[in-house]
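Worksheet: the structure to be examined is printed underneath.
Chain naming here is simple, since letters A, B, ... match the order of the sequence lines and numbering starts at 1 in each.
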Amino acid sequence: MAAGTLYTYPDNFRAAKALIAAQYSKSNVKVSPNFVFGETNKSKEFLKKFPSGKVPAFESNDGKYLQDSNAIAYYVANEQLRGKSEYEKAQILQWVGFGESEILPAGCAWVFPILGVVKKNAATEEGYARAKEDMRAALAILDSHLLTRTYLVGERITLADIVVACNLSNLYKYAFDPDFRKPFVNVNRWFTTLINQPQFKAVLGQVQFLDKVAQPFTGAQGGEGKNKKKEEKKEKKQQQQPKKETPKKEKEPVEEMDAAEAALAAEPKSKDPFESMPKGTFNMDDFKRFYSNEDEAKSIPYFWEKFDPENYSIWYGEYKYPEELTKIFMSCNLITGMYQRLDKMRKQAFASVCLFGEDNNSSISGIWVWRGHDLAFTLSPDWQIDYESYDWKKLDAKSEETKKLVAQYFSWTGTDKKGRKFNQGKIFK
Amino acid sequence: MVVNALKPLNQIATFLKVQPGKITLDDDSMPVRVVNKNTSSGYINIILELVKEGKASLEGCSDLEKALIRQWIEYGFVYVAKADNPQQILKELNAVLATRTYLVAHKLTIADVFLYYFLQDIMGKLSILEKEKYSHVSRWFDNLQQNSSIRQSNKLVNFDTLYLASVAPARR
């Protein structure tokens, strides 16, 4: 079963598809807690994995990357959701297509002006005026299909239901007033059944149907003062999202994406940030090889023998927030994640970062060696994601204390300041 | 029309994979179940007993749901079983199922299964036009009969002609 991390902003109906599918298949799909829309998905690291920079995006625990909510939902689903025969699978694809091409364009043209996500102009006004009729036509098709069928495909809930229902969820919440939805008895029945399944509820919460006619282009829908703040927050989050569904009308986000791309393109790609510093005599690769192949009893003296204090420096880095560390494996991910983000630093740096303690009582600290005498992370904007979470102390290469620390961290032994025992170590090389 | 009252109870036992025991009708045509020297009588008692023994989560969650399930079982053996005019029953059920996928709550319960067995004969005898007229009942019934552990050896009622109406037309 597919397990992994989903990158999304909160309350994203697209992400909900994958999360509901995961509820059914019991796949372990976690939403990345550190995701910041507009930042995380524009970082170089993110764009490397997901070139479009769009969310939701999925990274499996075994390092597979997927974009597009429907593809992710398929990947984390089970056999029942994907369809049991080739024909069922094809039917599901048919309805996924229907949801994307018949429901979404009209749906966004209708919902975004109500939520105040798009600005009032000729194009959005025209879109809004047409949306109701387009939606009626789409719902009529859906309604006649559901007159004789309990679910869209087969006699059980499939991805087709999940995808189409999620695409409709904001419409039921913000756009379909009671008079509008009344004729679509079968769609209403089907939608109500779905959102009341425990697997849907776990992700969508309680979906409240609109009880009045919504007004477009007023900023907050319905004028409910209490919810306004929340609404606005939501709008903000959604602001950059809709580019996918109404590319014509969403000028702003498209431009923003272009700016990000331009910035990336402008960055000198191959330049080594360490270039400005003298190479010195310490051969990083040679030491790393020696360290990997030999016992610490040999490699630590070898390090001191070869180390070039003129051009290289030794640092002690300690994670600032040990009280926030919980599970050991999560802390390890923190370290390896940092290593990944520092990928380009590898050539000129070496580190041994250790985790001390146990679940819910642990600390992270390590010994770093790199070229130059200043904090290396400031050399490249790519390297600045994690380093501020650590306290950095430059060590005097000549002192006995440093020798002890280096020996301890290179050989993965000893305890941290508070006496927690060594648990695991990770080598950056 | 009179529904054979014992068949549905035995089929529910088979569906739930529990021993039906010996189920008979007493002088007042009430069902009596004897299993392991324990006797219980009445549809609701026997059905809920079977559900309990089968450890199936088909008995509803809230008190309201549990009450509704009892109501539908009663509806089954009081009205459906003795209905002179099945059209009336179908009309009522069609109105209920227009807005519901299942009779109680939003998932399958023993009420659906029980009424499926009770409606076997009525549904089997409907004309194509009648099936279309009571389209919501047809859709509900079709959903149930596609579950082979519910349907068992019952005849698959054909709703195919209904599907002709719903080949998704191209938009505009």
Side-chain angles (χ1 to χ4, degrees), chain A residues 80 84 88 91 94-95 97-99 101-103 105-106 130 133-157 160-161 164-165 178 181-201 204 206-207 209, chain B residues 57 60-62 64-65 68 93-109 112-113 116 123 126 128-151 156-172:
Chain A
Q80 167 58 39
K84 289 191 168 156
E88 273 191 8
Q91 285 177 298
Q94 172 198 307
W95 284 107
F98 177 87
S101 58
E102 306 290 311
I103 302 279
R130 269 190 48 191
E133 284 321 302
D134 287 354
M135 186 56 74
R136 244 192 264 276
L139 287 185
I141 295 170
L142 198 57
D143 199 65
S144 71
H145 184 81
L146 289 167
L147 172 65
T148 59
R149 294 170 181 86
T150 302
Y151 302 109
L152 288 175
V153 179
E155 300 292 339
R156 299 276 177 80
I157 290 170
D161 300 295
V164 178
R181 60 178 189 254
K182 200 174 166 192
F184 306 110
V185 175
N186 303 304
V187 180
N188 294 338
R189 186 263 311 158
W190 162 85
F191 186 75
T192 307
T193 301
L194 291 179
I195 56 170
N196 279 293
Q197 299 304 308
Q199 294 85 350
F200 278 71
K201 268 190 164 168
L204 297 176
Q206 189 76 38
V207 177
F209 286 13
Chain B
S57 52
C61 298
S62 65
L64 178 66
E65 287 173 16
L68 285 168
L93 280 174
N94 201 53
V96 169
L97 290 167
T99 58
R100 309 195 64 87
T101 295
Y102 304 103
L103 287 170
V104 179
H106 298 284
K107 64 185 194 78
L108 184 77
T109 66
D112 298 297
V113 179
Y116 163 77
M123 292 309 284
L126 290 186
I128 291 167
L129 280 178
E130 283 171 321
K131 283 176 197 164
E132 196 145 357
K133 186 176 171 191
Y134 305 114
S135 57
H136 300 298
V137 180
S138 297
R139 181 199 66 234
W140 167 83
F141 191 89
D142 196 23
N143 181 245
L144 290 166
Q145 73 172 359
Q146 299 297 339
N147 182 329
S148 57
S149 63
I150 293 178
R151 184 167 67 87
L156 200 59
V157 178
N158 188 357
F159 292 96
D160 270 0
T161 45
L162 283 170
Y163 294 161
L164 281 178
S166 57
V167 174
R171 209 168 114 213
R172 268 173 301 182

- Show the numbers, then the answer: is there a side-chain contact (heavy atoms from CB on, under 4.5 Å) between B:Arg139 and A:Asn186? CA-CA 11 Å; B:Arg139 181 199 66 234; A:Asn186 303 304; 3.7 Å; yes
- Item | side-chain contact (heavy atoms from CB on, under 4.5 Å) between A:Thr148 and B:Glu132, worked out | CA-CA 9 Å; A:Thr148 59; B:Glu132 196 145 357; over 6 Å; no
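- In this structure, A:Glu155 contributes its side chain and B:Asn147 its backbone to no donor-acceptor pair below 3.5 Å.
- How far CZ of A:Arg189 is from OH of B:Tyr102: 9.0 Å, rounded to the nearest 0.5 Å.
- In this structure, chain B has no heavy atom under 4.5 Å from any part of A:Leu194.
- Interatomic distance, A:Gln197 CD to B:His106 NE2, rounded to the nearest 0.5 Å: 8.0 Å.
- Under the rule for a salt bridge (charged side-chain N to carboxylate O under 4.0 Å, His left out), A:Arg156 has no partner lying at least two apart in sequence or in another chain.
- Note that OG of B:Ser135 is 12.0 Å distant from CG of A:Leu146, once rounded to the nearest 0.5 Å.
- For a residue to count as touching a neighbouring chain, one of its non-hydrogen atoms must lie under 4.5 Å from one of that chain's; by this rule A:Phe98 does not touch chain B.
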